[in-house]
There are 2 protein chains.
Amino acid sequence: MTTRVLVVDDDAHILRAIRIHLSACGYAVRTAQTGRAALRAGAAEHPDLVLLDLGLPDLDGTAVIAELRSWSTVPIIVLSARTDGTDKINALDTGADDYLTKPFSMPELLARMRAAVRRSAAPTDRDTVVATTDFSIDLAAKKVLSRSGEQVHLTPTEWAILEILVRDRGALVSQRRLLSEIWGPAYRTETNYLRVYLAQLRRKLEPEPSRPRYLITESGMGYRFQG
Amino acid sequence: MTTRVLVVDDDAHILRAIRIHLSACGYAVRTAQTGRAALRAGAAEHPDLVLLDLGLPDLDGTAVIAELRSWSTVPIIVLSARTDGTDKINALDTGADDYLTKPFSMPELLARMRAAVRRSAAPTDRDTVVATTDFSIDLAAKKVLSRSGEQVHLTPTEWAILEILVRDRGALVSQRRLLSEIWGPAYRTETNYLRVYLAQLRRKLEPEPSRPRYLITESGMGYRFQG
DNA sequence: GGACCCCGTTAGGAATGCGTCAAGATCGGT
DNA sequence: ACCGATCTTGACGCATTCCTAACGGGGTCC
């Protein structure tokens, strides 16, 4: 499984140089030249690692970090020409995982990338099959079986929502996070999407769709999968 | 819930300087001057973070990292005078989380420590559950369970207030802070909002709402969550 | 004892959020 | 280019939550 890296820098030359190096090392590279493009790509592609230059034309670098962190725990390594100490501290406190000052050596960047990915890869070992008395969900196989053993067909969007809720089963998932992860950060306020799809999921999964037992609404906050 | 840091360095002066700085910032500091002492202290005390100098008299620094990593995932930040790139890469690949070259600025070290602790604390929801004899609060899952195990339903505003109080449990939280964090700075004087919502929280959580045991009023000052 | 001030409690209308339905728009495969 | 599946969008009635304004109780300082 290749590691997907999102590289964000406004300088196309640097972007190209990094892309060449990383591709040669077996990473799948995706690039963005602006903060907004970075947020879009982050939401759409769910990279395993983000390399972020702070000097972007449209958004402040720390704003990009904060926005990403509002719904994602992807490792973020900041690459910056600024040697100012306060930039470093702000970036780290906003949620960056590491901070390299340009110019840096490529071997060091690669080593820090390996360290960041190793850390984030560790705690992803939760049961892949979640069973209730009415249905069972296989997260690895992306399948849902009804009690009678028949497969329940879900559309891609339905599955995307269910997967997020079930991965954090028991926890409240904010509508903002669901919208950001599935439709992108720009759709944070389109809560009616969620209303429609939650209704469809309930019709397919709940024994009594009008009185949900598993897909719980927390008014004004979000949704919760009750195991 | 103070963070316990193990500082490993053979130079007693540096050790003292770091200890003073970290203690002043609220960390609980334990020190070791040799690799073996560091491994012993790591096993005995399970620190939340390790600051490790590579130039130890008895063991190679990477050996210490490898030994710790064989059984622990505690964050390790390497502090080293060696500017050689291969040392850095070896340390990171052996399992170090970060690498600072001496001399470094203390604010940067503190920021990197915060980042490392934040990362390692995030996936383990251990500290996010606050339990009393009458109910338990899961800050990560945004869930409150009564003693009988039933879920207590809170509205967004109720939850917002409870979250702030519980995050700073034991401490007095001023009404001004609650009001400006939840309703915005313009509502600093609307203390009647708090009276209403505190009453609702007590009705839902306290065994005897008229005689609060957990949600304590400090007249004229603010409120306090008494664990 | 009286005049405060601060707090707890209650309740109902206003505002916001949610479930539901159905009709276009869009996408993907043949 | 067609057709079915899927996604978007808007509208409506209902449920929940919020705001607000009372009233009463318990302190404290004159």
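Every chain is numbered from 1 and lettered A, B, ... according to where its sequence line falls, protein lines coming before strand lines.
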Candidate nucleotides [options], ranked by approach to the side chain of [X] - the nearest:
{"X": "B:T217", "options": "D:dT16, C:dG8, D:dT8", "answer": "C:dG8"}
{"X": "A:R195", "options": "D:dC19, D:dT16, C:dG19", "answer": "C:dG19"}
{"X": "A:Y197", "options": "D:dT8, D:dT17, C:dT10", "answer": "D:dT8"}
{"X": "B:V196", "options": "D:dT8, C:dC18, D:dA21", "answer": "D:dA21"}
{"X": "B:T155", "options": "D:dC7, D:dC18, C:dC18", "answer": "D:dC18"}
{"X": "A:N192", "options": "D:dT16, D:dT6, D:dT9", "answer": "D:dT9"}

Quick one: do the A:S80 and A:Y99 side chains pair a donor with an acceptor below 3.5 Å?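 There is such a pair between these side chains.
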Does one side chain, of A:S148 or A:S146, offer a donor that lies under 3.5 Å from an acceptor on the other?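 Checked: A:S148/A:S146 side chains pair up, N/O donor to acceptor below 3.5 Å.
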Separation of [N] [atom2] from [X] [atom1] (nearest whole Å):
{"X": "A:Q200", "N": "D:dT8", "atom1": "CD", "atom2": "P", "value": "11 Å"}
{"X": "B:L198", "N": "C:dC7", "atom1": "CG", "atom2": "P", "value": "10 Å"}
{"X": "B:L194", "N": "C:dC5", "atom1": "CG", "atom2": "C1'", "value": "17 Å"}
{"X": "A:L154", "N": "D:dA5", "atom1": "CG", "atom2": "P", "value": "15 Å"}
{"X": "A:E218", "N": "D:dA15", "atom1": "CD", "atom2": "C1'", "value": "15 Å"}
{"X": "B:R202", "N": "C:dG8", "atom1": "CZ", "atom2": "C1'", "value": "8 Å"}
{"X": "A:M221", "N": "C:dT16", "atom1": "CE", "atom2": "C1'", "value": "15 Å"}
{"X": "A:I161", "N": "C:dG19", "atom1": "CD1", "atom2": "C1'", "value": "14 Å"}

Quick check on B:R69: does its CZ atom have over 12 non-hydrogen neighbours (other residues, nucleotides or ligands) under 6.0 Å away?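 Yes.
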Determine whether more than 12 heavy atoms belonging to other residues, nucleotides or ligands lie under 6.0 Å from atom CE of B:M221.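 Result for CE/B:M221: open.
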Contact under 4.0 Å: [X] side-chain N or O vs [N] OP1/OP2:
{"X": "B:R203", "N": "C:dT9", "result": "no"}
{"X": "A:W183", "N": "D:dC7", "result": "no"}
{"X": "B:S210", "N": "C:dG8", "result": "no"}
{"X": "A:Y193", "N": "D:dT9", "result": "yes"}
{"X": "B:Q175", "N": "C:dC7", "result": "yes"}
{"X": "B:H153", "N": "D:dT17", "result": "yes"}
{"X": "B:T157", "N": "D:dC18", "result": "yes"}

Taking C-beta and beyond as the side chain, do A:P57 and A:T34 meet within less than 4.5 Å on heavy atoms?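 Of all side-chain heavy-atom pairs linking A:T34 with A:P57, at least one is under 4.5 Å.
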What contact category does B:Y187 fall into here, base, sugar-phosphate, or nothing, at under 4.0 angstrom with non-hydrogen atoms?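 Nothing, no nucleic acid heavy atom in range.
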Tell me if a side-chain donor or acceptor on A:E206 pairs with a main-chain N or O of A:R213 at a distance below 3.5 Å.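 Side chain of A:E206 to backbone of A:R213, a donor-acceptor pair under 3.5 Å: yes, one is there.
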